[in-house]
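Chain identifiers are assigned alphabetically (A, B, ...) following the order of the sequence lines, protein sequences preceding nucleic acid strands; residue numbering begins at 1 within each chain. Computed from a predicted structure; not experimentally measured. Because only heavy atoms are used, hydrogens play no part in the values below, and waters and symmetry mates are left out as well, while side chains stay in.
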There are 2 protein chains.
Amino acid sequence: MSSPSRPPKIHDVAKRAGVSVATVSRVFSNPDIVSEKSRKAVEKAVLETGYTLNVLGRNLRQSQVGAVLALVPNLANPFFSEILAGISEVLRDAGLNLLVLDTRQVDRSSPTHGLRNYLNRSHADGIIVLDGSLDPALFQSPACPPVVQACEWNEGVPGARVLADNAEGARLAVAHLLALGHRRILHLAGPRQNSLSVSRAEGVAAALSCEGLEPVAVIEGAFTLRSGREAAAAVIAARPTAVFCDNDEMAIGLMAGLAEAGLSVPGDISLVGFDNIEMAAYAPVPLTTVRQRRAVLGQEAARLLLSQRDGDPSETRVLPVELCIRQSARPV
Amino acid sequence: MSSPSRPPKIHDVAKRAGVSVATVSRVFSNPDIVSEKSRKAVEKAVLETGYTLNVLGRNLRQSQVGAVLALVPNLANPFFSEILAGISEVLRDAGLNLLVLDTRQVDRSSPTHGLRNYLNRSHADGIIVLDGSLDPALFQSPACPPVVQACEWNEGVPGARVLADNAEGARLAVAHLLALGHRRILHLAGPRQNSLSVSRAEGVAAALSCEGLEPVAVIEGAFTLRSGREAAAAVIAARPTAVFCDNDEMAIGLMAGLAEAGLSVPGDISLVGFDNIEMAAYAPVPLTTVRQRRAVLGQEAARLLLSQRDGDPSETRVLPVELCIRQSARPV
DNA sequence: TTGTAGGCGTTATCAA
DNA sequence: TTGATAACGCCTACAA
């Protein structure tokens with residue numbers, strides 16, 4: 001309990017407890033194989049010296065970092081926080097820490113200071129990629145630890161993937177609109193290259209083709225409130241009776257844009273979103289949307305990473321989605 | 001470029017380049033002090049071997065982790081994501097990584113496996129605490145790295161603090177309501193022990209006391225949409241003409257609750273929030289609120305931590321706030 | 001069940 | 001400007 005100038009090392013504890021450093025080490029890593037007597041002595045000495053394990057030494061010796069890196073396209077975007085919470089939860093139970101890197105904030109290509117430096121076994125024991133726009137070559141180096149892609153994905157990146165059933169979600173949403181009698185349906189999509197946008201467009205096409213239809217228009221947004229609002233003029237010009245939006249934020253933004261133009265939802269135009277963010281139920285008109293369980297998605301990603309690290313083959317998990325009917329879509 | 005079974009070490013590079021390991025090390029940490037000739041040779045050997053620096057070795061040698069830990073009360077809460085983005089940005093420029101820990105997910109007291117184990121120089125080079133409810137004793141150990149508190153705070157925790165001017169924000173909000181002629185003002189507050197709630201209550205009191213008034217009631221919420229909605233009945237019972245809410249989520253939740261009860265905002269009741277989350281402008285009635293710049297708050301916290309680490313004295317920064325007038329509050 | 005001793009990969013000191 | 005070498009703190013054969 002004294003306040004030593006130098007933090008106590010495993011050696012100090014050993015001396016004080018009258019045992020060897022190996023025994024002290026074992027008390028920390030595998031207590032069951034040391035005798036009760038030695039263990040008690042060590043525990044007492046630990047308390048007396050205020051010793052805490054120096055993780056740096058252990059990590060070097062074991063060639064492991066004790067942390068997993070999550071690559072997020074935009075850390076300020078609340079969409080990802082719930083996924084991160086799910087990841088964090090599973091990692092914690094496995095004794096691993098969560099490192100977070102915002103891919104916008106880091107040079108994607110520089111060989112010396114860029115992202116490449118992080119994709120290294122000495123930086124993280126594994127990587128969870130939430131950004132589908134990164135160069136797959138980054139992950140193909142033999143120095144790169146196990147990788148799992150979650151939510152967005154990219155062909156060419158090795159390892160397991162965990163995704164919501166995006167196509168099915170979009171199909172459900174559009175089928176719902178069709179069942180309500182809508183025929184002029186517009187798709188307010190995400191960025192064109194984005195893997196989510198692509199899958200959801202497939203679902204839209206699948207649903208519409210049953211009726212021999214196509215979207216009256218596809219407008220490209222940026223998954224943001226603002227881009228939804230700004231799409232209002234183009235949406236109105238296409239005269240749809242209903243709009244399927246690739247996420248809730250664009251749907252809520254569009255709601256505002258339509259209101260500014262004097263159009264009512266769902267009176268003039270029906271709206272369906274995607275994600276079921278918490279705010280969807282509190283939008284000006286409670287939003288009908290597709291629920292995807294973001295915490296579960298994060299948990300699954302972490303679990304896949306752990307089993308991949310343990311040598312299990314990488315599989316791909318597709319998580320079910322479901323339609324959440326509220327008040328923003330009604331019969332034509 | 002070959003694919004060695006064992007990752008190349010600094011030794012391999014040195015041999016290949018015909019120099020000593022010390023020189024190779026210097027090329028990485030301080031290139032200017034090595035001759036052009038040696039440097040070129042090393043760079044060539046690095047490329048040929050595919051060598052990447054093993055951070056574990058460096059960290060042990062330098063007794064540093066290369067990462068800062070952020071303690072977040074609830075990682076799934078979008079309020080914190082923008083703060084984290086600000087933190088991450090500044091850390092990155094300083095060559096530090098961001099570790100995130102959800103304090104809900106971790107045992108707060110267990111001496112062997114709890115939070116205490118993380119507050120250790122071998123785990124992180126510094127700590128940014130966004131949770132005001134943690135036991136201050138945790139941070140008082142000599143083994144604990146530098147600490148900065150941000151947003152919420154706790155007397156007894158050492159180190160710098162960075163806060164929004166919560167009292168002033170609340171004062172501005174209530175003064176605005178008073179100027180609109182409101183006299184029956186209710187305070188929908190956060191949890192009673194929360195430091196934010198306390199400061200904001202002071203601001204409310206300060207503004208009201210100028211008119212010799214007090215809140216018609218103080219209702220305790222949980223900073224969530226749901227708690228705002230659930231407060232509606234109690235709010236209505238107190239018959240205020242205006243409500244100041246400790247955050248935007250509760251204000252938007254309350255808006256929904258009031259609408260369900262057939263009351264209109266701002267027709268029947270005026271509302272002011274706090275935070276200016278992005279959704280505030282897209283609420284059923286665009287929300288008048290107090291803007292606090294969360295990204296800047298995170299940046300400042302990280303900067304304070306860095307300067308504290310470099311031995312500068314710890315100061316406390318109070319960040320300005322400003323009133324954002326929209327449409328949820330109007331004259332009585 | 002315990003102890004001894006070598007090594008994980010790097011950097012910093014010191015001398016050349 | 002460079003090289004040899006001793007740490008950094010811990011874990012784990014291996015031997016006792």
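Here OH of Y51(B) is found 14.0 Å from CG of L47(B). Values are rounded to the nearest 0.5 Å. D125(A) CG to S63(A) OG: the interatomic distance, rounded to the nearest 0.5 Å, is 10.0 Å. For the atom pair OG of S88(B) and CG of L99(A), the computed distance is 11.0 Å after rounding to the nearest 0.5 Å.
Per the geometry, CG belonging to N30(A) stands 16 Å off C1' belonging to dC10(D), to the nearest Å. Note: CG (L53(A)) to C1' (dG9(D)) measures 9 Å, nearest angstrom. K15(B) has its NZ atom 16 Å from the C1' atom of dG3(D), to the nearest Å. Atom CD1 of I10(B) is separated from atom P of dG3(D) by 12 Å (rounded to the nearest Å). Rounded to a whole Å, the CZ atom of R121(B) is 17 Å from the P atom of dC8(D). Following rounding to the nearest Å, R39(B) (CZ) and dT1(D) (C1') show an atom-to-atom distance of 13 Å.
Counting only heavy atoms from C-beta outward, the side chains of S133(B) and N154(B) never approach each other to under 4.5 Å.
Of the possible polar contacts, one joining the N54(B) side chain to the L56(B) backbone as a donor-acceptor pair under 3.5 Å is found. Side-chain atoms of N59(A) come within 3.5 Å of backbone atoms of V65(A) as a donor-acceptor pair (strictly under, hydrogens ignored). Remark: the backbone N or O of A160(B) is paired with a side-chain donor or acceptor of Q308(B) at under 3.5 angstrom.
Read 5' to 3', the first and last nucleotides of DNA chain C with an atom closer than 4.0 Å to a heavy atom of chain A are dT1(C) to dG9(C).
A salt bridge between R161(A) and E155(A) is present, with a side-chain N of the basic residue lying under 4.0 Å from a carboxylate O of the acidic one.
Toward the 5' end of DNA chain D, the nearer of the two residues I33(B) and R26(A), judged by each one's closest nucleotide, is I33(B). In terms of position on DNA chain D, the residue among T52(A) and S35(B) whose nearest nucleotide sits closer to the 5' end is S35(B).
A side-chain donor-acceptor contact under 3.5 Å links D131(A) and T103(A).
Using a 4.0 Å heavy-atom cutoff across all strands shown, S122(B) reaches no nucleic acid atom at all. Residue F28(A) is out of contact with every strand shown, counting any heavy-atom pair closer than 4.0 Å.
A heavy atom lying under 4.0 Å from DNA chain C marks the following residues of residues 54-62 of chain B, by number: N54(B), G57(B), R58(B), R61(B), Q62(B).
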Steps toward salt bridge (charged side-chain N to carboxylate O under 4.0 Å, His left out) verdict (D102(B), R92(A)): CA-CA 10 Å; D102(B) 187 324; R92(A) 178 130 337 284; over 6 Å; no

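Ring geometry for Y118(A) against H123(A) counts as tilted: the plane angle lies between 30° and 60°, on a 0 to 90° scale.
Note on the helix from dT1(C)-dA16(D) to dA16(C)-dT1(D): terminal axis deviation equals 30°, with five pairs used at each end and the result rounded to 10°.
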